[in-house]
Number of protein chains: 2
Amino acid sequence: MQENKKKKITIKDIAREAGVSPAAVSLILNKKPCRITEEKKQLVREVARRENYIVNLAAKSLATRKSEMLALILPDIENTFFSSLAKQIENRCRQEGYSLIIASSDDRRENDKKFLRVLEARGVDGIFLILSNELLGNRQELKKELSLLTMPYIMIDRTFSGTDCGRVSFDHEQGGYLATKYLLEQGHTKIGCVYRDDKAGSGKNRLDGYLRALREFDIPVLEKYLAKGDYRMESGYLAAKTLLETDATAAFVCNDMMTLGFLRRLHEEHKQVPRDYSIVSYDDSLQNYLFGIELTTIVQDIKVLAKEACQLMFGRLRKESAEKKEVILPPKLKVRNSVWKWGL
Amino acid sequence: MQENKKKKITIKDIAREAGVSPAAVSLILNKKPCRITEEKKQLVREVARRENYIVNLAAKSLATRKSEMLALILPDIENTFFSSLAKQIENRCRQEGYSLIIASSDDRRENDKKFLRVLEARGVDGIFLILSNELLGNRQELKKELSLLTMPYIMIDRTFSGTDCGRVSFDHEQGGYLATKYLLEQGHTKIGCVYRDDKAGSGKNRLDGYLRALREFDIPVLEKYLAKGDYRMESGYLAAKTLLETDATAAFVCNDMMTLGFLRRLHEEHKQVPRDYSIVSYDDSLQNYLFGIELTTIVQDIKVLAKEACQLMFGRLRKESAEKKEVILPPKLKVRNSVWKWGL
């Protein structure tokens with residue numbers, strides 16, 4: 001209570017006490033060059049520190065809602081898709097004069113909620129939000145949380161509608177469709193799919209794309225060709241074990257980490273890609289790591305994702321009458337040599 | 001100015017206006033369960049929002065210096081060493097009840113300085129600091145910046161002495177020594193070194209370790225075996241080109257990204273590891289990605305690094321009389337099968 005009643009110190013107070021001009025105080029505290037003796041500079045800093053001047057600066061910035069700081073909440077900082085995306089967003093924020101801080105939720109709902117609250121309390125100007133997967137499960141509760149936010153926020157990659165925010169994501173169904181269609185066009189008809197079993201996330205959508213392509217080519221869907229995974233390497237390894245016991249000649253593997261596990265199993269069985277097994281993957285993050293295997297893959301352009309997310313954010317911050325609320329980006333097929341063409 | 005003169009609203013004011021108890025207001029605004037009708041809850045939130053109560057909360061938290069938020073400044077969020085370290089630190093902070101926010105400096109001095117200032121202004125309780133390499137070049141200026149900080153900070157990985165902070169790092173000289181000694185013990189005498197040419201960073205220290213091992217085994221140092229890199233893949237690829245023109249039978253490559261480039265070149269030349277060429281690497285981050293090559297490598301235990309950094313931080317936050325100021329961790333040699341043993 002004592003703290004609150006204390007009169008707030010201003011630049012003028014510091015200037016008076018240190019015997020320099022207010023302008024000089026500002027230069028010194030903002031560490032800009034100025035022609036003041038080192039002694040005087042030191043004195044100004046001492047006065048400012050004694051009076052907790054920096055703290056007041058922050059409070060003022062909060063009060064005026066001009067922090068020039070944006071935040072990004074992401075599920076896992078170790079996942080290269082998210083860390084690359086973070087880097088791209090950060091670069092764009094920097095160009096616009098914003099600092100970006102990053103918070104990693106460990107893919108857990110309670111952390112998403114905690115960070116939303118903490119970051120709002122810190123007065124960040126806006127939040128880029130890549131939801132934890134757990135959260136996607138209980139949307140009603142999340143919608144309530146989000147409706148309480150007082151700053152703009154943009155949902156990236158994992159989105160849902162029904163709240164007032166910008167949304168940017170890739171069309172996962174189209175990605176699954178393109179991958180599978182390519183395998184069909186190369187003459188494969190016995191095609192496995194290693195997918196993630198979620199109710200409404202990218203996993204379901206990519207599987208839906210696989211199913212659509214098969215339907216289009218009048219190929220029946222067989223249970224034995226469907227292998228569940230969880231986007232982690234180990235699950236790709238296990239899926240390969242299962243699929244290699246069937247007569248499938250190719251697989252659409254729904255992310256690169258699972259493909260890595262799949263390839264490890266193929267290597268152990270002395271099977272080569274594409275001579276013995278054809279693969280289309282998703283993400284295009286492995287090209288630096290694999291020697292001799294050039295993966296045909298679905299590519300999601302992270303730069304474009306970052307660009308669109310930032311445009312939505314900056315538009316909202318400038319209070320432009322935002323025409324666009326939702327951007328859905330098309331993934332692309334990148335053909336390399338991991339698919340065997342029949343009849344050659 | 002208008003803003004500043006406004007009387008600050010308190011929980012009591014909101015309670016009075018909404019017709020509930022102050023305790024209930026606190027529970028509602030902190031989103032804790034309480035037996036109040038949804039209508040009343042909504043009213044409390046509306047009053048709080050209208051009066052910008054959240055903003056004041058933040059300001060109060062700043063004023064009392066109890067934010068329960070720590071920050072980590074790191075050079076590159078895409079580098080897996082740093083992102084893994086960030087995840088470890090974050091887990092430990094969470095266990096202690098702190099939120100961690102992360103800022104990525106893009107390895108540039110100006111961003112380090114900017115973040116230090118911004119984060120201090122936000123009243124974070126402490127800063128974990130992995131310096132940009134550029135900054136290591138001009139220590140005097142940096143020391144000045146750091147001396148102005150009003151909260152504890154811990155230098156991690158890239159450290160220097162002469163400021164009042166905790167420091168945790170690995171012994172890079174010892175790592176270079178262990179790697180090279182192992183190659184010498186396996187009978188190699190013509191050993192290349194792909195190193196980063198910095199004046200006082202990990203690059204110089206790892207090279208120093210290489211030189212010490214050669215001296216110990218009375219092996220002369222030959223210029224032709226020294227290949228400069230920059231810790232990036234491309235430079236490892238180019239270094240391999242150079243070293244493959246010499247009679248070297250082995251190389252100590254000072255980080256995994258350069259090893260990846262080195263391996264790519266070996267693959268192109270149809271040379272196998274270890275049959276045709278022996279390698280000891282540094283970091284142990286590639287094991288999931290390489291099939292058929294098991295890299296012998298220097299391992300830096302990131303978990304231990306995170307643990308020590310957090311212990312130093314929490315000790316300082318609790319104002320324990322910190323006995324330890326600097327922790328230097330020993331790296332370890334992990335032997336796999338990427339080194340050919342002569343005479344077998």
Side-chain angles (χ1 to χ4, degrees), chain A residues 3-4 8 30-31 45 49 52 54-65 67-69 71 76-80 83-84 86-87 90-91 94 99-104 106 111 113-115 117-123 145 148 150 233 260 263-264 266-268 286 288-292, chain B residues 3-4 8 30-31 45 49 52 54-65 67-69 71 76-80 83-84 86-87 90-91 94 99-104 106 111 113-115 117-123 145 148 150 233 260 263-264 266-268 286 288-292:
Chain A
E3 282 297 312
N4 280 339
K8 275 197 189 142
N30 286 299
K31 288 155 196 159
R45 286 192 208 107
R49 193 170 315 158
N52 240 6
I54 288 168
V55 172
N56 292 342
L57 256 183
K60 192 182 154 211
S61 151
L62 282 174
T64 57
R65 308 299 284 163
S67 76
E68 304 195 326
M69 188 186 271
D76 180 6
I77 200 168
E78 268 191 311
N79 179 316
T80 54
S83 60
S84 296
K87 190 162 182 171
E90 175 191 279
N91 285 341
R94 198 167 277 143
S99 301
L100 181 76
I101 55 174
I102 299 158
S104 178
D106 205 17
N111 295 328
K113 281 160 63 178
K114 189 171 165 195
F115 276 126
R117 223 171 299 152
V118 166
L119 292 168
E120 171 158 54
R122 295 274 137 185
E145 289 282 340
L148 294 171
T150 54
M233 190 164 49
L260 213 45
L263 291 174
R264 179 164 292 274
L266 288 174
H267 178 79
E268 283 176 9
L286 298 178
N288 288 337
Y289 296 95
L290 305 174
F291 309 130
Chain B
E3 282 295 312
N4 281 339
K8 276 197 185 138
N30 286 298
K31 290 158 193 155
R45 287 192 207 105
R49 194 170 314 161
N52 241 4
I54 287 167
V55 172
N56 293 342
L57 255 185
K60 192 183 154 211
S61 151
L62 283 173
T64 57
R65 310 298 283 162
S67 75
E68 304 196 324
M69 188 187 270
D76 180 4
I77 200 168
E78 269 192 311
N79 180 316
T80 54
S83 60
S84 295
K87 189 161 183 174
E90 177 190 276
N91 285 341
R94 198 167 277 144
S99 301
L100 182 76
I101 54 173
I102 299 159
S104 178
D106 207 17
N111 295 329
K113 281 160 63 178
K114 189 171 165 196
F115 276 126
R117 222 169 301 153
V118 166
L119 293 169
E120 172 157 55
R122 295 274 138 187
E145 290 281 341
L148 294 171
T150 53
M233 190 163 50
L260 214 45
L263 291 175
R264 180 164 291 276
L266 288 175
H267 179 79
E268 284 176 8
L286 298 178
N288 288 338
Y289 296 95
L290 306 174
F291 309 130

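Chain naming here is simple, since letters A, B, ... match the order of the sequence lines and numbering starts at 1 in each.
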* For E90(A), is it the side chain, the backbone, both or neither that has a heavy atom under 4.5 Å from a heavy atom of chain B? -> side chain

* Please confirm whether the backbone N or O of Y289(A) pairs with a side-chain atom of R264(B), one donor and one acceptor, at under 3.5 Å? => no

* **Option from I77(B), I101(B), L100(B) for which side chain to side chain contact (heavy atoms under 4.5 Å, CB included) with I102(A) holds** => I77(B)

* Between atom CG of D106(A) and atom CZ of R94(B), what is the distance when rounded to the nearest 0.5 Å? -> 5.5 Å

* **For L290(B) against F291(A), the heavy-atom pair lying closest together** => CD2-CE1, 4.0 Å

* Asked: Could you state the interatomic distance from CE (M69(B)) to CG (L119(A)), rounded to the nearest 0.5 Å?
  -> 5.5 Å

* To do: Any chance you could measure E78(B), atom CD, to S83(A), atom OG, to the nearest 0.5 Å?
  => 5.5 Å

* **For the student: nearest non-hydrogen atoms of K114(B) and S99(A), plus distance** => CE-OG, 3.5 Å

* Who among L286(A), T80(A), L263(A), N79(A) has the most heavy-atom pairs with chain B under 4.5 Å? -> L263(A)

